[in-house]
Number of protein chains: 2
Amino acid sequence: MTVNSEPTPSSAGQPPARSRSANIRDVAKAAGVSHQTVSRVINGHPSLRESTRQRVLDAMEALQFRPNRAARSLVTSRSGMIGVLVTNGTYFGPASTRAAIESAASTAGYLVDTATLTSLEETAFKEALGRLVDHAVEGLIVLAPQEATLRQLAHLPVKLPMVTVHSTSAADDHGLSVDQVAGARLATRHLLELGHRSIAHVAGPDGWVESNERIRGFRTEMANWGLDSSWIVTGDWTSDSGFRIGQDLLAADPPTAVFSSNDQMALGLMHAYGDRGLRVPEDISIVGFDDVPDARHFAPPLTTVRQDFDELGRRCVAHLLTQLGVPVQNAPRTVVPELIVRRSTAAPS
Amino acid sequence: MTVNSEPTPSSAGQPPARSRSANIRDVAKAAGVSHQTVSRVINGHPSLRESTRQRVLDAMEALQFRPNRAARSLVTSRSGMIGVLVTNGTYFGPASTRAAIESAASTAGYLVDTATLTSLEETAFKEALGRLVDHAVEGLIVLAPQEATLRQLAHLPVKLPMVTVHSTSAADDHGLSVDQVAGARLATRHLLELGHRSIAHVAGPDGWVESNERIRGFRTEMANWGLDSSWIVTGDWTSDSGFRIGQDLLAADPPTAVFSSNDQMALGLMHAYGDRGLRVPEDISIVGFDDVPDARHFAPPLTTVRQDFDELGRRCVAHLLTQLGVPVQNAPRTVVPELIVRRSTAAPS
DNA sequence: GTTTCCTGTGTGACCGTGAACAGTGAACCG
DNA sequence: CGGTTCACTGTTCACGGTCACACAGGAAAC
């Protein structure tokens, strides 16, 4: 029984077939009440006689009524939409976080609007943000862990409830993050405790919050042990870059252990070493970061730091909803990562 | 110069500070024209005196006017939004496709609304679809390559321009796909041409379009060579399942080659073989599917079939926009995959 | 018995935009 | 020179909801 199907051309005298869908007044007429009463039913107004409510509900059912969100949004200036600003939606981390955000948002009755940042230019940023603002999103979640983005966000006059992920400092008033420093320290300490002293760090690209935080964690932990932490090489998150860096590290006197800022680059490193006949972990230990689902099947299975992206996504929505005045139980701002020890690390030979 | 910043409490006599943002009539008043003229400027109406247009544009600039989309959407019943229905947003394929969709949509001035399917139940499907419909998306892209979804889509009265990805047959009137059968045949033929005759296929889960299509391609090619194609084991796309299947395959008399329905499961397979001391490709050849960016750094680098997800995403939007009456140059419905030969395959010893 | 309050409902205005229609004046035409 | 056409602009209404307010009638309070 399709609503939109054309009724057979009806005999004269009947009102012409309505092509547009039923509105609140149609329902009102069908239920024999005023449109305002229908509105009250929709919005769960308390003082309504139960019989009236039921009559209206029946009419709504019969007419297949669905409230028009544009109209409601026009008058209430609430859209029921949350905007998400993403840069690299393809990576595992952001993708997982987004999935969790969407699921949590939809549970709360919100729809997620996504705008992808095509570049880090301010114009691209303004454009994407403007698009979301035009569509009247009620709040904003920023999954753009480049410092450039955060800086633009800070100085732009965005009057919008907002949550940023991977924010640079806990002092930030709308930041939410996995404690990258703690994670990096976990990874570094693991290598140190195994007895490694010659440790290199393959960092993520400049300008990414995670890169810097993990570098900071690496440095802090090394310093705690009285060791030099200047052996830092910069990659771009891809396994390709890890591969190239691995080759370079082998050219000179290689370290006995490497802490890679993500799992992909660790994979590339292992590939480079394998190509030269070196064995992991016998010849070199490697720790990754993220715990991508594949990491446990790398050759060898990768020791890494797990970030709970799902949890992060859920908390994003929770914090945003709190700002929007929706009652939800609030969660801590920081998610603590966890070291997963597998077979890519061992004591130096 | 923040628009929303509170002006200093102004002296009496001035009109009270307007908290809401400027609307079309405010602009009209400022420019000394009617609101309709402003509307015409916004919509690029042809017959407008240039001086008038400029005056209006200046007023819009001065008042920081942004058209209210809810109001426009109410009267035009066009929302400027495209709905995307996803099931597994975390996987590389869907994630890449989504990224391409978002970018293409935003180029065309559309915003992307995402609804994630939490289960394959019809209720979940209706709920997600209903959410998108409520928000008046103008068109729908379905990234839910389970047959259950496609079936529900087929029998549901969705009166909406729509594009489904990974559709089951070219006869479908709104389907768009990578030619999975051709890809699977490419992979299988590659193994056959290397001399393998004992070939197993690790399939994706039941009910997924890709699983079935690739099985079909495998069977077709094997049949062409007069070989039995009944050696099919079912995984769930994860490297974990590939690992388990790899162990099982080793229990009996293992095949000399395996065609895995995706790269993750191939990784799991390689892990299982490596654990038993078998070497790839000397002892067993493995072909994957997708060409995930990491595949070239697996140990050994994986021979696989590349799907151009970006292209797929772009074409989705192109086809949808065509249905929406937006002029775009149209693209073929089918994307042809490509065999990438690396080091995980060799002639049987 | 009147006043007050509360429950349940209706009336009319309004949100910001676009569409239909109307009006104005100048140019053009026969 | 009067009528027609055309470029340009204004007036009015509709879109589908919500909000502020009014109002009827019964219960409770005085």
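FYI, side chains are in, hydrogens and waters are out, and symmetry mates aren't considered; it's all heavy atoms of this structure.
- The CD-C1' distance, from B:Q36 to C:dT24, rounds to 16 Å in whole Å.
- A:L63 has its CG atom 12 Å from the P atom of D:dG17, to the nearest Å.
- In this view, B:F309 and B:F92 satisfy the ring pair (Phe, Tyr, Trp, His ring centres under 6.0 Å) rule, not counting sequence neighbours.
- Between A:S103 and A:R314 the shortest side-chain heavy-atom distance does not fall below 4.5 Å.
- Every residue was checked against the side chain to side chain donor-acceptor pair (under 3.5 Å) condition with A:S51, not counting sequence neighbours, and none meets it.
- Going from atom CZ of B:R40 over to atom C1' of C:dA19 covers 10 Å, rounded to whole Å.
- Residue A:P161 comes nearest to A:L324 through the heavy atom pair CG-CD2, 3.6 Å, listed as atom of the first residue, atom of the second, then distance.
- The CE atom of B:M60 sits 10 Å away from the P atom of C:dT17 (whole-angstrom rounding).
- Pairs passing the salt bridge (Lys or Arg N to Asp or Glu O under 4.0 Å) check and including a residue from residues 32-50 of chain A, sequence neighbours excluded, read A:E50-A:R53.
- Across the helix from C:dG1-D:dC30 to C:dG30-D:dC1, the helix axis at one end is tilted relative to the axis at the other end by 50° (nearest 10 degrees, each axis from five pairs).
- The minimum heavy-atom distance between B:V209 and B:Q146, with the atom names listed, is CG2-C, 4.4 Å.
- Under 3.5 Å, the side chain of B:R66 and the base of C:dG16 form no donor-acceptor pair of N or O atoms.
- Evaluation of the side chain to side chain donor-acceptor pair (under 3.5 Å) rule for B:T90 yields no partner, not counting sequence neighbours.
- With contacts defined as side-chain heavy-atom distances shorter than 4.5 Å, the pair B:I82/B:V137 does not qualify.
- The two residues B:A318 and B:V328 have their closest heavy-atom pair at O-CG2, 3.4 Å.
- Applying the side-chain contact (heavy atoms from CB on, under 4.5 Å) test to A:P94 and every residue at least two apart in sequence or in another chain returns A:Y91.
- Spacing between atom CD1 of B:I24 and atom P of D:dT11 amounts to 14 Å, rounded to whole angstrom units.
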Taking distance alone, no hydrogens or angles, what donor-acceptor pairs closer than 3.5 Å link side-chain atoms of residues 125-133 of chain A to residues at least two apart or in another chain?
{"from": "A:E127", "atom 1": "OE1", "to": "A:R131", "atom 2": "NH2", "distance (Å)": "3.3"}
{"from": "A:E127", "atom 1": "OE2", "to": "A:R131", "atom 2": "NH2", "distance (Å)": "2.4"}
{"from": "A:R131", "atom 1": "NH2", "to": "B:S106", "atom 2": "O", "distance (Å)": "3.1"}

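- A sub-4.0 Å separation between OP1 or OP2 of D:dG17 and a side-chain N or O of A:S39 is absent.
- At a cut-off of 3.5 angstrom, the base of D:dG17 holds at least one donor-acceptor pair with the side chain of A:R25.
- Against DNA chain C, the stretch residues 41-56 of chain A makes heavy-atom approaches under 4.0 Å through A:S47, A:L48, A:R49, A:T52.
- Legend: side-chain hydrogen bond (donor to acceptor under 3.5 Å, both in side chains) pairs involving residues 77-86 of chain B, not counting sequence neighbours: none detected.
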Between N or O atoms, less than 3.5 Å apart, protein on one side and nucleotides 23-25 of chain D on the other: list the pairs.
none

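- Look at NZ on B:K29: it is 14 Å from P on C:dT17, rounded to the nearest Å.
- Note: CG (B:N23) to P (C:dG18) measures 12 Å, nearest angstrom.
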Residues 148-155 of chain A side chain polar contacts: donor-acceptor under 3.5 Å, at least two apart:
{"from": "A:Q152", "atom 1": "NE2", "to": "A:L120", "atom 2": "O", "distance (Å)": "3.3"}

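- Near DNA chain D, meaning a heavy atom under 4.0 Å away, the residues from residues 67-81 of chain B are B:L74, B:V75.
- A salt bridge links A:R98 and B:E102; the closest N-O separation between the charged side-chain nitrogens and carboxylate oxygens is under 4.0 Å.
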